[in-house]
Amino acid sequence: MFKGKLKFIVAIAVIALTVSYLVYAGVKDTMVYYLTVEELKEQVPDVYDDRVRVSGIVVPGTITQNTGEPLTFTIKDGEETVDITYEGIVPDIFKDDVEAVVEGVYTPDNIFVADTLLAKCPTKYESTDSLYQEAAKDGGQYKEGKPY
Amino acid sequence: MVEIGSISILLSFIVSVYVLAASLYGAKARRRDFVKSAENGAIAVFVLLLIATGALLYLLINLDFSLKYVALNTSTDLAMIYRITSLWAGQAGSLLLWCLVLALYTALVVIQGRNKNRELMPYVTATLSVVLIFFIFIIGFVESPFEKLPFTPSEGNGLNPILQNAYMAIHPLTLYLGYVGVTVPFAFGMGALLSGRLGDEWIRLSRKWALVAWTFLAVGLLLGARWAYLELGWGGYWAWDPVENAAFMPWLVATAFIHSVMIQEKKGMLKKWNMILIILTFFLSIFGTFITRSGIISSVHSFAQSDIGPLFLGFIAFILLFSFGMYLYRSKELESENQFDSILSRESAFIFNNLLFLGAAFTVFLGTIFPILSEAVVGHKILVGSPYFNAVNVPIALVLIFLMGVGPVISWRKASRENIIKNFMYPVILSVLTAVVLVVLGIRDVTAVLSYALCMFVTVTVFTEFIKGVRVRSKRGENPLLAFTRLVSRNKRRYGGYIVHLGVVLIVVGVTSSSVFVTEKLVTLSEGESGTIRDYTLTFNGMEQYTTDAKNATKAELSVFKGQKDLGVMVPEKNLYKYEGNREINQETEVALRSTFTDDLYIILSNVGPDGTASFRVIINPMVSWIWAGGVVLLLGAIVTMWPSGRKKREEVFIRYSLGEKDITAKA
């Protein structure tokens with residue numbers, strides 16, 4: 001009887017240990033720091049060649065894409081900006097003024113080489129601001145241009 | 001209409017509170033009249049919420065922009081079908097739908113359980129009404145779908161174009177039915193804890209509900225994956241995004257639950273464990289709603305962010321404390337009736353299945369909340385991405401597939417050497433053979449070879465089970481087809497479950513092939529030029545612009561050949577929506593897709609140059625369609641398991657089934 005119980009304990013321990021090891025190894029190998037542009041600049045030169053994720057607002061007019069060449073653009077966060085090059089699929093929502101999240105490596109020639117690009121829409125999603133602006137433009141029922 | 005809607009919600013809130021009070025009082029004081037009145041109340045809540053939903057639909061269809069929800073989610077150029085689906089495009093509308101679905105489930109549970117299980121049912125109704133009260137409170141007093149604007153805009157913001165897709169119309173609805181459906185088995189579990197009727201009653205009564213929720217979650221996840229694949233234009237279908245994980249976690253734990261309840265039914269074991277599993281499943285379903293609705297974890301899916309987050313946290317804390325408190329209070333009475341005999345037995349296969357499903361759910365949970373955890377502990381936001389989730393979950397999944405082959409055929413209690421040899425010889429031989437053939441064919445990816453071999457293992461065990469059953473029946477003189485249908489219809493749970501397993505095998509084969517053997521290439525072509533990828537040749541015929549009411553579209557035409565075979569023309573598009581409003585997306589990539597059972601050719605028009613050249617991202621994704629086919633098989637199997645049968649017949653079958661089991665053990 002005891003021998004049977006022991007087998008269960010060993011098997012459960014093996015499963016628990018394996019899963020924990022997978023978690024440990026997975027986190028260790030794949031974790032990336034999520035930095036703001038300012039934090040990225042502060043950590044120069046230590047940050048060079050580390051894999052990091054950075055987010056900022058796309059500076060209008062900086063997006064250039066020539067066929068067959070990588071996409072380049074600049075993101076801004078506070079006063080600091082960083083130039084990005086990216087090759088890969090560009091999300092539909094990526095455009096001027098959206099919040100872009102890039103993952104990759106900041107190189108010593110101060111260009112961030114990204115292999116992942118996500119675009120996020122800031123909280124304006126369910127905001128009524130544009131409805132108010134629209135109404136103000138029409139000069140219709142609503143004139144203040146600001147919610148009361 | 002606005003008034004009808006908001007009054008209905010208010011009334012449904014009041015009635016829900018009454019349902020809670022009346023069913024609790026009725027149960028305590030043994031007053032049938034109160035219990036009955038609470039049951040009628042539960043049905044009334046459903047009718048009231050149906051009216052509220054109808055009112056909102058009416059306003060959406062007629063584009064009444066004076067309503068904030070309508071102005072935010074629709075516009076005059078929106079097609080009728082998407083005016084209807086915008087009911088669940090925004091925050092308040094989805095929460096209203098959430099309430100409606102929960103009220104529907106509650107009404108069905110009440111109607112089905114009338115005059116039966118009198119001790120248990122009032123507490124089940126009470127638990128369901130507590131959850132309803134919370135959600136109705138939110139739409140009634142915090143995020144009302146019937147909030148008016150102080151003015152009437154002439155145009156609304158419109159619906160995000162990527163949500164204007166048939167899959168997006170049904171995927172959220174399916175997921176809600178799954179998410180919310182989890183509440184029903186949870187309510188039965190809580191009913192058991194509250195009433196003290198801790199036998200198998202609650203398991204027996206809630207088993208089908210758990211299967212319903214599980215099936216909707218599974219189908220909802222697959223529909224979401226298909227939507228992402230067709231619409232998002234990055235060539236994949238699963239990204240371990242927090243929102244996807246949010247639905248995946250309750251599914252994982254629910255899977256553990258629907259397996260481990262069988263052990264309780266058959267052996268009277270794992271009673272405590274089942275209670276814990278259903279509490280966890282419900283917690284994860286509410287937690288999932290919290291993640292998607294609060295915006296606490298940044299996701300590429302942009303959901304509305306709002307201040308209902310703290311409310312949800314409070315509700316989660318209440319649920320966890322109350323249900324685990326009740327569990328501790330009753331835990332003495334939840335003792336097992338049997339013991340585990342041997343590690344080589346069906347019971348222990350189920351134990352390991354449970355442990356691994358829970359382990360997977362835990363690792364996904366950890367990965368999802370890692371940014372929050374790390375920020376709290378070390379002060380830095382640290383992310384783990386897809387590589388983490390894959391590294392952890394692929395090995396777990398492989399062992400689970402192995403157990404999927406072992407579980408159904410290994411004998412109960414203790415498997416003898418003869419039993420193991422008899423049942424596993426052919427499956428093992430065939431799967432080893434599969435592995436050898438694959439390696440000889442030049443496949444060197446260890447994960448892929450293992451995955452295919454294990455899928456073969458499961459397939460062979462399942463088919464052997466079917467063949468065995470049919471053969472026994474044909475010996476009695478039934479023709480094989482009749483024998484097969486009778487076999488399945490007399491043992492729906494067992495053989496339906498096997499069909500679900502086959503569906504899972506198809507999905508695993510599809511996922512393995514498409515993630516290991518994907519080919520991706522960026523080609524830039526000028527008019528008349530050709531490019532090749534694998535054995536496909538693409539010739540760029542030129543570009544064309546066209547305009548509709550809603551958009552300016554650019555389409556690129558490509559002639560496609562596979563080897564010498566002409567596959568016709570494929571046309572990826574890039575659309576620019578005219579009316580921008582406040583939509584954050586005004587352009588949309590329309591993927592051109594040619595799907596076969598061997599591979600998918602997936603073409604994205606990524607960029608158009610001023611000189612008439614165009615860049616295409618071309619992806620060859622092997623066997624993706626197996627995933628969708630697997631989903632259909634899974635759904636069929638689930639329907640077979642849930643198909644109703646006469647009560648008497650079922651009991652008869654049950655006895656025969658367990659006798660059959662004993663026979664096998666005895667013979668072996």
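Protein chains get the first letters and strands the later ones, always in sequence-line order, with residue 1 at the start of each. Here the structure is a predicted model, which means the values were calculated and not measured.
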Response to the item:
Whatever's closer than 4.5 Å to a heavy atom in chain A on B:Pro387 counts as both
Worksheet item: Between B:Phe65 and chain A, which part of the residue has a heavy atom less than 4.5 Å away: side chain, backbone, both or neither?
Response: neither
Worksheet item: Heavy atoms, side chains only, cut-off 4.5 Å: are A:Tyr33 and A:Asp50 in contact?
Response: no
Worksheet item: Is the ring centre of B:Tyr602 less than 6.0 Å from the ring centre of B:Tyr229?
Response: yes
Fill in: Ion pair A:Arg51/A:Asp115, N-O distance below 4.0 Å
yes
Item to complete: Output the option from A:Val19, A:Leu71, A:Val32 having the highest count of non-hydrogen pairs under 4.5 Å with chain B.
Response: A:Val32
Discussion item. For A:Tyr21, which atoms come within 4.5 Å of any heavy atom of chain B: side chain, backbone, both, or neither?
Written reply: neither
Worksheet item: What pairs meet the salt bridge (Lys or Arg N to Asp or Glu O under 4.0 Å) rule with one or both residues in residues 347-371 of chain B, with sequence neighbours excluded?
Response: B:Lys267-B:Glu347
